[in-house]
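So the structure is just underneath, and the comments pick up after that.
We count residues from 1, following the sequence as given.
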Amino acid sequence: MFSRNRLIAAVSLIILTMVLSWTYPDATPLGEQWFTAVGLPTWSNGHTGINYFSVFLVLIVLTGLFLLRSSLYKHPRKIVLAAIIALLWLPANLVIGYQTVFAKGIYTLEYDKQGSSCSYKREEQWLNGSCTLTFINHGQSVDFSVMIRKEPFPNNAFLEQLDVLGDQTLHMAAHDKNSITVAFSKWVENVETPFNGSMSGFDITVKNATSQRRL
């Protein structure tokens, strides 16, 4: 393959990698959504095991970087390093730029999964607790509600079933990062729950009157 053709193929594969790994407006990568749409499994065992999509993505990016390296005569290492930095830096910053300039409502929100947690305690037939949710709002002020999704914590699916947060409206000021603590108290007579516990790093759905996002 001629050097120019290798360069075109390399750039195409690198761009394809960024497109497939795109995670806005939902947290699920665009490539995984396409896998699901055409009936291809993304995991070897339901939602656990080997992530076939991730393996596929790694093969694409490695092939792209190899072709890029082999197509260059001057400064190949520096250019390949620049391509890797672009793959890591560009998508997230494109999203932030879009959220800051164009997005409206809940589409301006960024969810900090690692900075969010819930704790709960069962008292007779009541489940009492609180959740601390961390968001970054890149746009104007917004009101929204939150629902906890059970993935990747199937043992805590009762929190989703009880919709412990869905009946409360949260508020984020414009261009602000904030951790919002939300208390809840739910009747759990017909739901099997442990007496106490906590969890962090969970997935959520944010909603307003017209739209919703899975984060």
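A side-chain contact (heavy atoms from CB on, under 4.5 Å) with Val146 is found for one member of Thr205, Val206, Leu215 and no other, namely Val206. Remark: of the listed residues His175, Glu110, Lys177, Glu110 is the sole one forming a side chain to side chain donor-acceptor pair (under 3.5 Å) with His138.
Two residues are said to be in side-chain contact when any heavy atoms from C-beta on lie closer than 4.5 Å; Arg213 and Lys207 fail this criterion.
Considering all non-hydrogen atoms of both residues, Thr108 and Gly139 come closest at CB-N, 3.6 Å. Of all the heavy atoms in Leu67 and Ala9, the pair that sits closest is CD1-CB, 3.9 Å. Nearest heavy atom pair, residue Ala173 against residue Asn137, reads O-ND2, 2.9 Å. Across all non-hydrogen atoms, the minimal contact from Ala86 to Met18 is O-SD, 4.4 Å.
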Validation: residues 92-104 side-chain donor-acceptor distances under 3.5 Å, sequence neighbours left out:
unit_1, atom_1, unit_2, atom_2, d
Asn93, ND2, Trp89, O, 2.7
Gln99, NE2, Tyr107, O, 3.1
Gln99, NE2, Leu109, O, 3.1
Thr100, OG1, Ile96, O, 2.8

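Taken from CD in Gln140 to CG in Asp176, the straight-line distance is 12.0 Å, to the nearest 0.5 Å. A distance of 10.5 Å separates CG in Leu81 from CG in Leu65, rounded to the nearest 0.5 Å. Distance check, rounded to the nearest 0.5 Å: CG of Asp143 to OG1 of Thr169 gives 7.0 Å. Distance check: Ile180 CD1 to Leu133 CG gives 7.0 Å after rounding to the nearest 0.5 Å.
Pairs engaging residues 19-30 under the side chain to side chain donor-acceptor pair (under 3.5 Å) rule: none recorded [sequence neighbours left out].
Linking ILVMFWY residues whenever their side-chain heavy atoms come closer than 4.5 Å, directly or via other members, leaves Met172 and Ile136 in distinct clusters. Both Val11 and Leu57 sit in one connected hydrophobic cluster of ILVMFWY residues. Membership requires side-chain heavy atoms under 4.5 Å apart, directly or through other members.
Side-chain atoms of Thr132 and Thr181 form a donor-acceptor pair, as typed in the model, at a separation below 3.5 Å.
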